[in-house]
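Working notes for the structure below.
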Amino acid sequence: MAGVKRNKCDRAELRKRVILEASSAFAKFGIKNVHMDSLACALSISKRTLYELFCDKEQLLLEVFAMHQQEMSRLGCRRHATLRW
């Protein structure tokens with residue numbers, strides 16, 4: 001049972017690492033120029049592992065937006081805390 005809990009923690013930590021790396025890459029290279037295989041390589045994980053965490057780049061991008069929205073809310077940027085499409 002302890003192995004299962006640790007595995008979930010490791011997976012959550014890996015998701016966090018992927019989101020942070022993707023955020024940095026999107027800012028540096030632009031969303032269009034970032035590819036899932038380059039993210040996997042930068043994180044030293046397989047593309048399969050990456051796709052097990054996020055079904056596609058769009059889902060990953062939405063997670064990056066959500067992370068930034070939470071950070072803005074935490075910092076008190078209420079006016080900009082809600083994404084509008």
Given side chains that start at C-beta, do those of S73 and Q70 come closer than 4.5 Å, heavy atoms only? no

Would you give the length of the straight line joining atom NZ of K57 to atom NZ of K32, rounded to the nearest 0.5 angstrom? 9.5 Å

Scanning both residues in full, the closest heavy-atom pair of F54 with M36 reads O-CE, 4.3 Å

Just verifying a value: how many Å separate N33 CG and S38 OG, rounded to the nearest 0.5 Å? 9.5 Å

Salt-bridge contact E13-R17 (side-chain N to carboxylate O under 4.0 Å): no

Is T49 close to L14 at the side-chain level, that is, under 4.5 Å between some pair of heavy atoms? yes

Euclidean distance, F65 CZ relative to L60 CG, rounded to 0.5 Å: 10.5 Å

For a quick test of reading the model, state the closest non-hydrogen atom pair linking Y51 to D56 and the distance between them. CE2-CA, 4.1 Å

Search all heavy atoms of R11 against all heavy atoms of E52 and return the closest pair with its distance. NH2-O, 2.9 Å

Nearest atoms (heavy-atom pairs only) where V64 meets S23: CG1-CB, 3.8 Å

Which pair of non-hydrogen atoms, one from L53 and one from Q59, has the smallest distance, and what is that distance? O-OE1, 4.3 Å

Between NZ of K47 and NE2 of H35, what distance do you get to the nearest 0.5 Å? 11.0 Å

Is the closest side-chain heavy-atom distance between E63 and V18 below 4.5 Å? no

Out of curiosity, M67 CE to I19 CD1, how far, rounded to the nearest 0.5 Å? 7.0 Å

Heavy-atom closest pair, residues L39 and E21: CD2-CG, 4.0 Å

